[in-house]
Number of protein chains: 2
Amino acid sequence: MARRSDHTREELQEMALSAAETLLDEQGGAALSTRKVASAIGYSVGSLYLVFKNLDDLCWQINARTLDGLTQTLEQQSTDQPPRDRLKAYANAYLDYAREWSHRWALLFDHSTDEGDAPEWLQEKIAALFGLVEIDLAELYPNEKPEDITLAARTLWGGVHGITQLKMRDKLFFGGDSAAQRMTDSLIDRYLDGWSHAEDNAKGDAE
Amino acid sequence: MARRSDHTREELQEMALSAAETLLDEQGGAALSTRKVASAIGYSVGSLYLVFKNLDDLCWQINARTLDGLTQTLEQQSTDQPPRDRLKAYANAYLDYAREWSHRWALLFDHSTDEGDAPEWLQEKIAALFGLVEIDLAELYPNEKPEDITLAARTLWGGVHGITQLKMRDKLFFGGDSAAQRMTDSLIDRYLDGWSHAEDNAKGDAE
DNA sequence: AAGTTAATTGAACAGTGTTCATTAGGTTGA
DNA sequence: TCAACCTAATGAACACTGTTCAATTAACTT
């Protein structure tokens, strides 16, 4: 067959990504293969290469969607609460998302191209995620320099990410299901308290 | 050839692991293959399967060695300093180790068996790493319940791990080379300050 | 109806992990 | 000394993988 034009390029791409995600959810990242995706959408292997540069490209595009979903989930958290609670809600949502889409989450952070870094647009999406945290921190510490807010956001969120990762890989072995959330709560509370404490001292010294 | 007995099983295993590590360091985890390892040590593919259950097993054994090296590095940090400084030194050493052995470090945390968890002995090694942190925290907060120390150690070290991972994957994009260390310092200082703060409050309330 | 075009194919190639019947070097016993 | 045995070591075979690209053929044009 040739020139079927059953689907546009965009449709083909969407079908492939969707099929790949299903495969990923059901069988994990190791099971992702071009032949399986192709046969799942009723096209041949070669057709995938009309729409994706290679399997790596397909993975990055899945990652982009995963990251979009994650960002959306975080954004859906109620804004009608104090920044500190919202940060905790973010962390919780982050943990839940990783739990619900464990294979997608694993692909997002495990997958690394042989050569070169993640694509730019992916990096921008991650930056946007950090941005959410920065907003809350800026609200909590309006007198802080922007650079310090940026550093704090990355520190705090790096921490949440690390806890999530260890949890996902069963390398926490402590305290059952609720442990991870207790840890992110503890992290956020103590980090913010420690920060306030330092600010108070600074003020005290200045005056 | 057969029955050469040039090397014992133990020697063969050591040769294979060592060759695999070299391959890993030079070409990354994706380049690790049974045929390459076999040819590097002058044996055939089949011989590897006399010593390792499969490639996964070989990877786990590399990971064990990586984790041992990491633990040793941390243990070499001077004990002749206050617990807080030692914790920072640990975090620093952790970052340095990940930087120096980036491919080994990536294999350690990316590699996940298709089915089932990491082997038990690996989990014990990780627990031992957490133990180092617990010692310092217990020294800092002698009145804290052991369970709280355990949780805090995992929280803090999960955070350091997360920062390290984002750094390694270039997903921090902030502040150049020194950023990661500034972040772990910030994390440890603020977390400990926040903890002390909370303890003071608790004491104040009680009295 | 014949010609043109390009969407789609799938065989081919080079690689992968894993298995296991075969082989050949070392050891043993006569 | 030499045949018998044993077993460490092999590497061909199998079923997979990603990727390419000449060949095919359905649909459009004339």
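Just so we're on the same page: letters track the sequence lines, and every chain starts at 1.
Between the P atom of D/dG18 and the NZ atom of A/K53 lies a distance of 15 Å, rounded to the nearest Å. Per the geometry, CG belonging to B/L48 stands 14 Å off C1' belonging to C/dT19, to the nearest Å. In this structure, A/D6 places its CG atom 14 Å from C1' of C/dT9, rounding to the nearest Å. For B/E11 and D/dA8, the CD to P distance is 15 Å, given to the nearest whole Å. A/L50 places its CG atom 14 Å from the P atom of D/dT19, with the value rounded to the nearest Å. Rounded to an integer number of Å, the gap from CG of A/D57 to C1' of D/dT20 is 16 Å. If you take CG of B/D56 and P of C/dT16, they are 17 Å apart, rounded to a whole angstrom. Remark: C1' of D/dT19 and OH of A/Y43 are 20 Å apart, rounded to the nearest angstrom.
Counting non-hydrogen atoms under 4.0 angstrom, B/K36 reaches the backbone sugars and phosphates but no base. Within the nucleic acid shown, B/L32 comes within 4.0 Å of sugar-phosphate atoms alone, with no base atom in reach, counting heavy atoms only. Residue-level contact check: B/S33 touches the backbone only, with heavy atoms under 4.0 Å from sugar-phosphate atoms and none from bases. Heavy atoms of A/L12 sit nowhere under 4.0 angstrom from any nucleic acid atom.
Distance from the side chain of B/T34 is smallest to C/dG17 among D/dG18, D/dA8, C/dG17. For A/Y49, taking side-chain heavy atoms from C-beta onward, the closest of the listed nucleotides C/dT18, D/dA8, D/dT19 is D/dT19. Checking D/dT19, C/dG17, C/dT8 against the side-chain heavy atoms of A/L55 singles out D/dT19 as nearest. Minimum atom distance to the side chain of B/N54 is reached by C/dT18, of the listed D/dT20, C/dT18, D/dA9.
Using cut-offs of 30° and 60° on the angle between ring planes, the pair A/F109 and A/W105 is tilted. Note on ring orientation: taking the six-membered ring where Trp is involved, the planes of B/W101 and B/Y97 are tilted (angle from 30° to 60°).
Comparing A/H7 and B/G46 against DNA chain C, the residue whose closest nucleotide sits nearer the 5' end is A/H7.
In this structure, the separation between CG on B/L50 and OH on B/Y43 is 10.0 Å, given to the nearest 0.5 Å.
Counted within 6.0 Å of CG on A/D6, heavy atoms from surrounding residues, nucleotides or ligands total more than 12; the atom is thus considered enclosed.
Checking the phosphate oxygens (OP1, OP2) of C/dT9, a side-chain nitrogen or oxygen of A/S47 falls inside 4.0 Å. In this structure, A/S44 does not reach the C/dG10 phosphate: none of its side-chain N or O atoms is under 4.0 Å from OP1 or OP2.
Side-chain atoms of B/R35 come within donor-acceptor range of the base of C/dG17, with a qualifying N/O pair under 3.5 Å.
A salt bridge links B/D96 to B/R99: at least one charged side-chain nitrogen sits closer than 4.0 Å to a carboxylate oxygen.
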